[in-house]
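By convention in this document, chain letters (A, B, ...) are assigned in the order of the sequence lines, proteins followed by strands, and residues within each chain are numbered from 1.
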2 protein chains.
Amino acid sequence: MSRVECHDDGMSLRHAVLGMLADEPGSGYDLLKRFERAMANVWPATQSQLYGELGKLEAAGMIRVHAEGPRGRKEYEITDAGLAELRHWLVEVDPGGPPRSAGLLRVYFLGSVAAEQARGYVAAMGETAAEREKRLAELEGTIDWGDDNQSVYGRLVLEWGKRFSAMQREWAEWAVEQIE
Amino acid sequence: MSRVECHDDGMSLRHAVLGMLADEPGSGYDLLKRFERAMANVWPATQSQLYGELGKLEAAGMIRVHAEGPRGRKEYEITDAGLAELRHWLVEVDPGGPPRSAGLLRVYFLGSVAAEQARGYVAAMGETAAEREKRLAELEGTIDWGDDNQSVYGRLVLEWGKRFSAMQREWAEWAVEQIE
DNA sequence: TATGACATGTAACTAGTTACATGATTCA
DNA sequence: TGAATCATGTAACTAGTTACATGTCATA
């Protein structure tokens, strides 16, 4: 039974870090801020996890210390091996289906509470989505989009978020009417 | 600074198990099959994790062994404490925003590969979504929906899945045109 | 009597979170 | 000189996955 070893995805923080360093070198501290700014809604990461991952990536030869600064600052850059791994992951690894959704999990079990409360919960999901929709639309206006890669792909992600939020809002509006 | 302790969400498998047992008592083996059938796309769980969680829930007094059967079978039922916890989680705990998405994470970094490959990746996302959309539509036809709670809320979840898949397919169609 | 379904568990691991701990530099 | 920011790290924990391990019962 010969079979190509093409195993799992997983360990995506690793690839998020590689992706950011491929774009531009930086320290753990820099990356932390970039994560907060750009990826809080797609792939949140904590400070602990970031520094741990940087250590592992350096040990694996996928990044290297490129410059040192004050206060022990270590600025990392991606290596050829790291870039190869990033590209492999981007193109060849199966991204898998939709992820776990705690919000949706609850919907399954709303039969355990009164219909009024169930309707309230679904309505709250809709409101949360509506707020996010509005926030993303505002965010879109404040960014000055160029035609560089970051702008192009950043815009795709933002658009996905807007469509997702709109979908959820519309679904919630429909769903409250289905309950009772 | 007085503050009500209303901490995190997290540990949702616990609540998934409570929800299933609230609906109908069953053994770990039963729940495993129910997870595979009904929740594979919303909250997948492994056999190990299920048995572990059943042990913890029993220790916490949220479920109890209701009947024993052949082969060491232990049939659990939910207790009043468990039902209270489930309802608390359903109604009062903040579900949080959209979860991590490895697929979307990749989109951020598509600038690291050639435009042609990026387009290929986004197109594949669209095809995956289209297949899921079709599969869910077929699934909807095979189920005979009543007007019991399970049917009502199960239908809401299924509809969410259909809308999500359609959104992703449409986004991907739009996105491939944005690349170059 | 052997296969497949039923049934439960443990061990070792990866991923991720929260809290703690430390210290250097800048600048008002 | 004191506060904010810069900067890195560790410890202890929860959640989740994969692989292993064991044994029972029905039935063809």
Rounded distance (Å) that lies between atom P of dA15(D) and atom CZ of R100(B)
14 Å
Would you say W43(B) and S12(B) make side-chain contact, with heavy atoms under 4.5 Å?
yes
Distance below 4.0 Å between Q49(B) side-chain N/O and dT17(D) OP1 or OP2
yes
Selection from dG16(C), dT18(C), dA11(C) that lies nearest to any side-chain heavy atom of S48(A)
dT18(C)
Quiz item: T46(B) side-chain donor-acceptor pair to dT18(D) base, under 3.5 Å
no
Quick one: L105(B) CG to dA15(C) C1', roughly how many Å, whole number?
14 Å
NZ/NE/NH1/NH2 to OD/OE distance under 4.0 Å, R73(B) and E75(B)
yes
Is the number of heavy atoms from other residues, nucleotides or ligands under 6.0 Å of D147(B) CG greater than 12?
no
For G52(B) and for W43(A), locate the closest nucleotide of DNA chain C by heavy-atom distance; then report the residue assigned to the nucleotide nearer the 5' terminus.
G52(B)
Atom CG of L57(B) and atom C1' of dA15(D): how far apart are they, to the nearest Å?
14 Å
Which of the following nucleotides, dG9(C), dG16(C), dG9(D), is nearest to the side chain of Y76(A)?
dG9(D)
Round to the nearest Å and state the distance from L31(B) atom CG to dG9(C) atom C1'.
15 Å
Take atom CE of M11(B) and atom P of dT17(C), then tell me their distance rounded to the nearest Å.
16 Å
Is a donor from one side chain sitting under 3.5 angstrom from an acceptor on the other, for R64(B) and T79(B)?
no
Rounded to whole angstrom units, what separation is found between the CG atom of L54(B) and the P atom of dA7(C)?
14 Å
Only one of R169(A), K162(A), Q168(A) passes side-chain hydrogen bond (donor to acceptor under 3.5 Å, both in side chains) with E133(A); say which it is.
R169(A)
Check whether the side chain of S12(A) and the base of dA15(C) form a donor-acceptor pair under 3.5 Å.
no
Filtered N/O pairs between nucleotides 5-7 of chain D and protein, under 3.5 Å:
from: dC6(D); atom 1: OP2; to: Y29(A); atom 2: OH; distance (Å): 2.6
from: dC6(D); atom 1: O5'; to: Y29(A); atom 2: OH; distance (Å): 3.3
from: dC6(D); atom 1: O4'; to: R71(A); atom 2: NH1; distance (Å): 3.4
from: dA7(D); atom 1: OP1; to: R73(A); atom 2: NH1; distance (Å): 3.3
from: dA7(D); atom 1: OP2; to: R73(A); atom 2: NH1; distance (Å): 2.9

With a 4.5 Å heavy-atom cut-off, do D30(B) and M20(B) have their side chains touching?
no
Which whole-number value in Å describes the distance from L50(B) CG to dT18(D) C1'?
15 Å
Between the side chains of E68(B) and K74(B), is the shortest nitrogen-to-carboxylate-oxygen separation below 4.0 Å, so that they form an ion pair?
no
Taking five pairs at each end of the helix from dT1(C)-dA28(D) to dA28(C)-dT1(D), what angle separates the two helix axes (nearest 10°)?
10°
Pick the closest DNA chain D nucleotide for K56(B) and for Q47(B) by heavy atoms, then say which residue is nearer the 5' end.
K56(B)
Rounding to an integer number of Å, can you tell me how far E53(A) CD sits from dT17(C) C1'?
15 Å
W174(A) ring centre to R163(B) NZ or CZ under 6.0 Å, with the angle to the axis within 45°?
yes
Within a reach of under 6.0 Å around CD of Q150(A), are more than 12 heavy atoms found that belong to other residues, nucleotides or ligands?
no
Do any N or O atoms from the side chain of Y76(A) and from the backbone of L57(A) form a donor-acceptor pair under 3.5 angstrom?
no
